[in-house]
There are 2 protein chains.
Amino acid sequence: MKKTKDDSTESNILNAAKTIFQRKGMDGARMQEIADEAGINKALLHYYYRSKQLLFEAVFKSVFSLLAPQLNKALNNDDSLMDKIKNFTKNYISFIIKHPYLPSFIINELNRNPEFVQKLITEKHFPNIEKFKNQINENIEKGKITSIKPEQLFINIMALNIFPFIASPLLKGFLKISDEDYNKLLEERATEVSNFIINALKV
Amino acid sequence: MKKTKDDSTESNILNAAKTIFQRKGMDGARMQEIADEAGINKALLHYYYRSKQLLFEAVFKSVFSLLAPQLNKALNNDDSLMDKIKNFTKNYISFIIKHPYLPSFIINELNRNPEFVQKLITEKHFPNIEKFKNQINENIEKGKITSIKPEQLFINIMALNIFPFIASPLLKGFLKISDEDYNKLLEERATEVSNFIINALKV
DNA sequence: ATATGGTTTAACCAAATGGTTAACAAATGT
DNA sequence: ACATTTGTTAACCATTTGGTTAAACCATAT
């Protein structure tokens, strides 16, 4: 009987590998650990994915392609700039709360191997920010928002949304607050961040 | 003859270890690689620092205590809130440009081992943000800035300043720009970020 | 029933890795 | 001068780790 995609050994391995690689990174992850997580023999990992490197790349692409369409949709829909900022912040933060290791995993591994981003760019689902940049410029021309380089605004939005998830241990330390309190702050940010950005854009 | 602190074998090792650990992280770094970087035999690493773990902790503390006083000074001087934000952004960005691996190293390793932050907090040079928080609250009460939780503003400042350095490969990919152009953006941010924040705080 | 093909495992292997040892070298004190 | 401590090295060791192999298992087609 042909197994469904969800319980096939191959996707079982991929899921286990996602868990471990996201938690420990390429260097920290062990093939045995992934096999244990998947409940199978280590040799099966190599049977399906040949090497640690290839398994890792499969994981990375899979994880990245979970994130990319999300971003693309948020940037390229027909909402007004203000709505886009509001929705982006709200959706993104609740998405990341479900996948807490995701941003640091991606950012980390791209730091370890910056050339890899070139391979990703060629893929068709890679986020495209041209429309968003145009929208910003139009709003500036119409005098609706203060003048700002679209690139800088984009960086600011990403930074305000993503950074608190990546740097949580450090920020918890600086703020001297508990995990619960920190999570409350994160939830508040779903609205806090867009208010902050929109205020910053006032003329 | 007693060697000076700078060219002693011990600090030679520490410097080599800083270089390698910051580039590769705890998991990715190899003791042999550190020995090569220091131009000495691998056994000497263990002679001075006993184990990889202890060498790593020495590096981490040393790197962190390069950053902490910087932050402390920026937060606890007698400048007005606005000046503080301006100076912080300007100084911090130029500091990080000199130590590009520093933020991701610290954030990464704290993610790998979140309990470690507790050990750091007890040290006397750990950044204290109480004064800064009070200053924010005073400015809000006097109606000088819009109402915002000091914690959120602090997170925003950190995010806007640090994130672009941590996520540079990803952001370069999204923005589809060269390394040179990205570095120009970073330099612009020394003023861009404080303008953005100050505008966001207008009533 | 049995041959066939893909799937799974236990056992194994070579290289890498953190760490140790024992001997040697260079200061230092007497 | 000589003994003692400190610094340094080459060689070595045990374990870990990614990867392989050969045999067993199991579903399906004939």
Side-chain angles (χ1 to χ4, degrees), chain A residues 1-63 105 108-109 112-113 115-116, chain B residues 1-63 105 108-109 112-113 115-116:
Chain A
M1 190 195 71
K2 196 71 163 280
K3 289 170 186 170
T4 72
K5 189 156 193 200
D6 282 350
D7 69 351
S8 74
T9 303
E10 190 167 348
S11 67
N12 178 26
I13 291 175
L14 193 66
N15 286 331
K18 277 186 199 174
T19 304
I20 302 300
F21 275 131
Q22 285 194 63
R23 263 209 298 259
K24 308 268 186 101
M26 170 68 171
D27 291 333
R30 295 289 158 252
M31 292 298 266
Q32 187 58 58
E33 205 180 352
I34 295 171
D36 292 346
E37 174 81 19
I40 51 151
N41 186 291
K42 182 165 64 91
L44 259 196
L45 301 182
H46 292 94
Y47 178 77
Y48 282 102
Y49 291 92
R50 289 191 61 86
S51 71
K52 186 184 183 185
Q53 178 64 26
L54 288 174
L55 176 55
F56 173 80
E57 286 176 20
V59 165
F60 190 92
K61 282 181 185 167
S62 169
V63 165
F105 172 69
N108 255 308
E109 298 300 332
R112 217 176 45 86
N113 185 9
E115 304 80 41
F116 196 66
Chain B
M1 189 195 71
K2 199 66 165 281
K3 291 170 185 171
T4 72
K5 192 158 190 196
D6 281 350
D7 69 351
S8 75
T9 303
E10 190 167 348
S11 68
N12 178 25
I13 290 175
L14 192 66
N15 286 330
K18 276 187 199 174
T19 304
I20 302 300
F21 275 131
Q22 285 194 63
R23 262 207 301 259
K24 307 266 184 103
M26 171 67 172
D27 291 332
R30 295 290 157 250
M31 291 299 267
Q32 186 59 59
E33 207 180 352
I34 295 171
D36 292 348
E37 175 80 19
I40 49 147
N41 186 290
K42 182 163 65 89
L44 258 197
L45 301 182
H46 293 94
Y47 178 78
Y48 282 102
Y49 290 93
R50 289 190 62 87
S51 70
K52 187 184 184 186
Q53 177 64 27
L54 288 175
L55 176 54
F56 172 80
E57 287 177 18
V59 165
F60 190 93
K61 282 183 185 166
S62 170
V63 165
F105 172 68
N108 255 309
E109 298 301 333
R112 216 175 47 84
N113 184 10
E115 304 80 42
F116 196 65

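Just so we're on the same page: letters track the sequence lines, and every chain starts at 1. All figures in this text were calculated on a predicted structure; none of them were measured in a lab.
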Select base, sugar-phosphate, or nothing to describe what [X] touches, counting heavy atoms under 4.0 Å on all strands.
X	answer
A:Ile40	sugar-phosphate
B:Tyr48	sugar-phosphate
B:Ala29	sugar-phosphate

Measure from [atom1] on [X] to [atom2] on [N] and round the result to the nearest Å.
X	N	atom1	atom2	answer
B:His46	D:dT9	NE2	C1'	15 Å
B:Asp27	C:dA16	CG	C1'	15 Å
A:Arg30	D:dT17	CZ	C1'	7 Å
A:Lys24	D:dT16	NZ	P	14 Å
B:Leu44	D:dA10	CG	C1'	12 Å
B:Gln32	D:dT9	CD	P	12 Å
B:Asp36	C:dG18	CG	P	12 Å
B:Tyr47	D:dT5	OH	P	12 Å

*Would a 4.5 Å heavy-atom cut-off, applied to side chains only, mark A:Lys24 and B:Asp27 as touching?*
no

_Per A:Met31 side chain, nearest of listed nucleotides C:dA10, D:dG18, D:dA10_ = D:dG18

_Of the options C:dA10, D:dG18, D:dT9, whose atoms approach the side-chain atoms of B:Asn41 most closely?_
D:dT9

*Any side-chain donor near an acceptor of the partner, A:Asp36 and A:Gln32, under 3.5 Å*: yes

*asked:* If you compare every side-chain N and O of A:Thr9 against the phosphate oxygens of C:dT8 (OP1, OP2), does one of them come in below 4.0 Å?
replied: yes

*Under 4.0 Å between a side-chain N/O of B:Ser51 and OP1 or OP2 of C:dG18, yes or no?*
no

*Sort out for me which residue in B:Phe105, B:Phe56, B:Phe60 forms a side chain to side chain contact (heavy atoms under 4.5 Å, CB included) with B:Met26.*
B:Phe56

Name every donor-acceptor pair, under 3.5 Å, that has one atom in a side chain of residues 41-50 of chain B and the other anywhere in the protein, sequence neighbours excluded.
{"unit_1": "B:Asn41", "atom_1": "OD1", "unit_2": "B:Ala43", "atom_2": "N", "d": "2.7"}
{"unit_1": "B:Tyr49", "atom_1": "OH", "unit_2": "B:Glu10", "atom_2": "O", "d": "3.3"}

*List the steps, then state whether side-chain contact (heavy atoms from CB on, under 4.5 Å) holds for A:Glu109 with A:Asn113.*
CA-CA 6 Å; A:Glu109 298 300 332; A:Asn113 185 9; over 6 Å; no

*Taking N and O atoms by type only, does the side chain of A:Lys42 place a donor or acceptor under 3.5 Å from a partner on the base of D:dG19?*
yes

